Protein chains: 2
Amino acid sequence: MATRLSDVAARAGVSVKTVSNVINDYPHITARTRAKVEAAIAALDYKPNVSARSLRKGRSDFIALAIPEMGSPYFAELGAAISRAAKRRGITVLIDQTEGESAAERFVLDGMRGQLIDGIIFSPLATAPAKLTSADTGKPLVLLGERPAGGQFDRVAVDSVRASYDATTHLLSLGRHRIAAIGVGGTSTGAVRRKGYRKALKAAGMPHDPALELAATGYHRLDGAASMRELLALPEPPDAVFCFNDLLALGALRTLADAGLRVPEDIAVVGFDDIEDGRYHSPSLTTISPDKEWLADNAVALLLDRIAGNGGSTHRDLTVPHTLQIRESTAG
Amino acid sequence: MATRLSDVAARAGVSVKTVSNVINDYPHITARTRAKVEAAIAALDYKPNVSARSLRKGRSDFIALAIPEMGSPYFAELGAAISRAAKRRGITVLIDQTEGESAAERFVLDGMRGQLIDGIIFSPLATAPAKLTSADTGKPLVLLGERPAGGQFDRVAVDSVRASYDATTHLLSLGRHRIAAIGVGGTSTGAVRRKGYRKALKAAGMPHDPALELAATGYHRLDGAASMRELLALPEPPDAVFCFNDLLALGALRTLADAGLRVPEDIAVVGFDDIEDGRYHSPSLTTISPDKEWLADNAVALLLDRIAGNGGSTHRDLTVPHTLQIRESTAG
DNA sequence: CTGAAAGCGCTTACAG
DNA sequence: CTGAAAGCGCTTACAG
């Protein structure tokens, strides 16, 4: 165990500097020297010590991804995509679950894992980015999600207003008149998506009905199921529902199945996220599909660019492409 | 930025050794000295450099979790639970996605991330643990899953034979006679679960019918849907199906819905894993529910115990408690 | 192209 | 209880 650089140097008959040069792919090394060193590395099964390297260089090639919960399908899929995108670039991702708690989010930003991390991709829930300053982090940070970056950070996000407008317009095009929305409360996600929802109604010359706009405590199946029950209890229930994420929609579908209502005949349902569950559900779920690979790739690229010291003081705001995936929950 | 231990020492008017003692909670420090140091730490917003600490101590308090894919619900839920369990003990988890590829698994074990990691929790897919030696890892390793540890490693796993026996027996108790199994092929998971399935049939005095045992390429919804189509094409289709994980079951349910068959009236379905999707599906999915919190907690505890140098040469094999969750897919 | 040496920020015997 | 010093394994100016 514990073979060191100097062991490799001794075996290859060169200086440690030369070995280091080979490992780090520096120029000006003869092919013969390189071969000798590589043979020694292989023979000794040498692995560089990342702690030492990181201590010396001030860079670790580790980045953090802070998300509310990795057990949630959207974040699980996103985390998987970001890990893959980072690995392609030789970077390792540390995943932090904040559970959406302010203290945990603060801790992640504050600590930056004792300077091990080179930068962070942060999906805030409790923390308002506007309240953050770069002093809080000390290291590059890329924001994910709806919350405005306040011009202080780079950010990559779906155009949620536009996407919600698209989803609602689709429901309208089906001839639905009473279109409910689930998930309006609380988070800024709710506020932004409601904006697009209302905008679409307005464009169609329809007023929005506050009774059809349901807040949700969380964005889980449980919340969607409960909200749907409320909607069904209305004197005049909706004929369509736009749920602000797929989990809410899946919960709503469950309530509709229990109530014996047909989807989409009695009520059409649209979600947001395009998680795998929705594609296989019966009925399969019509949803807004953000390009997660694009998101992952660009978030990582943006962060690495910052870490490399590029970009200056102007912050970039990237819009993730999205499409509307029409499936059975609106199209029979 | 970059406040160092010596800065804290200077400000507090003590030696670096004393500051280090305070940070590491060593005894023999007067309350007054401790207060002075803590004030200086707070004033300077000092954070210890983990690279330096890890280099010096040879321990990082980081462990790795190597799983096939974190986007898959079971592993996402498990990863979340393991991260939480580790955090409770002051340990950080690095998640490695191996995609079930042999090379990636080898890389994780080999590299151990350049000695940064103190140990690993490993859920192998391609690598046979029997082929591993502790020399491959050099650091403590805890195995997850069906594959026998060959007496060389600690392991924590569900008793899959028993669980599969339970699932099949439940179907039998419902009076079903043609009980199919999906997922028998390829992995050792398939082999082990088939063993329990056949055992239950045998105990009930029923022969097993090879035509009803379907191999699956993967353990995803897609595979379950395809296998179910094959079963329905049989001259005499089954009246019950035991799917070796929930994703397969969810795919099978999709096929049944498309075919217009009623669950459980026409065909009863049981899964394995108890992922959240199954609980909200309509019909909700009867499944084997392994105690994931227990699994996470014990896997982490076991690994930390090893890292601490305990346990000697005898390896422990822990059995995760499981229950059968009876839901609509078998109980109307 | 290579060698000898300093230093990244800690922890830890070793003296006092 | 505290101080001065070595050393963990690298990378990197600095000379040659």
Side-chain angles (χ1 to χ4, degrees), chain A residues 1-38 40-41 44-62 90 111-118 138-139, chain B residues 1-38 40-41 44-62 90 111-118 138-139:
Chain A
M1 292 210 30
T3 319
R4 281 159 303 131
L5 199 57
S6 56
D7 300 328
V8 176
R11 175 161 186 134
V14 301
S15 74
V16 294
K17 169 73 167 119
T18 302
V19 179
S20 179
N21 284 346
V22 169
I23 291 173
N24 294 291
D25 254 341
Y26 289 149
H28 307 310
I29 301 185
T30 60
R32 239 185 100 249
T33 307
R34 176 181 298 276
K36 261 195 313 191
V37 170
E38 281 170 351
I41 288 176
L44 298 173
D45 193 29
Y46 169 70
K47 311 270 161 42
N49 180 308
V50 292
S51 295
R53 169 179 290 175
S54 157
L55 175 58
R56 185 56 238 249
K57 298 187 70 164
R59 269 201 57 178
S60 63
D61 290 336
F62 279 66
M112 261 321 170
R113 295 219 173 281
Q115 307 161 44
L116 177 70
I117 255 44
D118 293 336
K139 304 243 174 133
Chain B
M1 293 212 29
T3 318
R4 282 159 304 130
L5 199 59
S6 57
D7 300 327
V8 175
R11 175 158 184 135
V14 300
S15 73
V16 293
K17 168 74 166 120
T18 304
V19 178
S20 179
N21 284 345
V22 169
I23 291 173
N24 294 291
D25 254 342
Y26 290 150
H28 306 310
I29 301 183
T30 60
R32 239 185 99 248
T33 305
R34 174 181 300 276
K36 260 197 314 195
V37 170
E38 282 169 349
I41 288 175
L44 297 173
D45 192 28
Y46 169 71
K47 312 267 161 42
N49 180 309
V50 291
S51 295
R53 170 180 292 175
S54 157
L55 174 59
R56 185 56 236 250
K57 297 187 70 164
R59 269 201 55 177
S60 63
D61 290 337
F62 278 65
M112 263 319 173
R113 294 219 174 281
Q115 308 161 43
L116 178 71
I117 256 45
D118 293 335
K139 304 243 174 133

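Predicted model only: the values in this text are computed from it and were never measured. Residue numbers start from 1 in every chain, and the chains themselves are labelled A, B, ... in the order their sequence lines are given, proteins ahead of strands.
For the P atoms, the distance from D:dT11 to D:dA15 is 22 Å, rounded to whole Å. With C1' as the reference atom, D:dT12 and D:dG16 are 16 Å apart, rounded to whole Å.
Shown here are the side chain to side chain contact (heavy atoms under 4.5 Å, CB included) partners of A:Asp61, two or more places apart in sequence or in another chain: A:Arg59, A:Ile91, A:Asp118. With sequence neighbours left out, the side chain to side chain contact (heavy atoms under 4.5 Å, CB included) criterion links A:Asn24 to A:Ser20, A:Tyr26, A:Arg53.
Looking only at side-chain heavy atoms (C-beta outward), A:Asp45 and A:Thr3 stay at 4.5 Å or farther from each other.
The closest side-chain donor-acceptor pair between A:Ser51 and A:Ser54, if any, does not fall under 3.5 angstrom.
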Study note, to complete from the structure: Whether each nucleotide of nucleotides 3-10 of chain D has a protein heavy atom under 4.0 Å at its base (B), only at its sugar-phosphate (S) or at neither (-) is summarised, 5' to 3', as BB-BBBBB
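In this structure, A:Ile23 and A:Pro48 approach most closely via the heavy-atom pair CG2-CG, 4.5 Å. The two residues A:Leu116 and A:Phe62 come nearest to each other via the heavy atoms O-CB, 4.3 Å. B:Val37 and B:Val8 get closest at one heavy-atom pair: O-CG1, 4.2 Å.
Among pairs with a residue in residues 6-17 of chain A, those fulfilling salt bridge (Lys or Arg N to Asp or Glu O under 4.0 Å) read A:Arg4-A:Asp7, at least two apart in sequence or across chains.
When heavy atoms are screened at a 4.0 angstrom cut-off, B:Ser54 is found touching no nucleic acid atom at all.
Between A:Thr33 and the phosphate of C:dC1, there is no side-chain N or O to OP1/OP2 separation shorter than 4.0 Å.
Every stem involving DNA chain C, taken as at least 3 paired positions in a row under the Watson-Crick or G-U wobble test at 3.5 Å, is listed here: C:1-3 with D:14-16, C:5-12 with D:5-12, C:14-16 with D:1-3.
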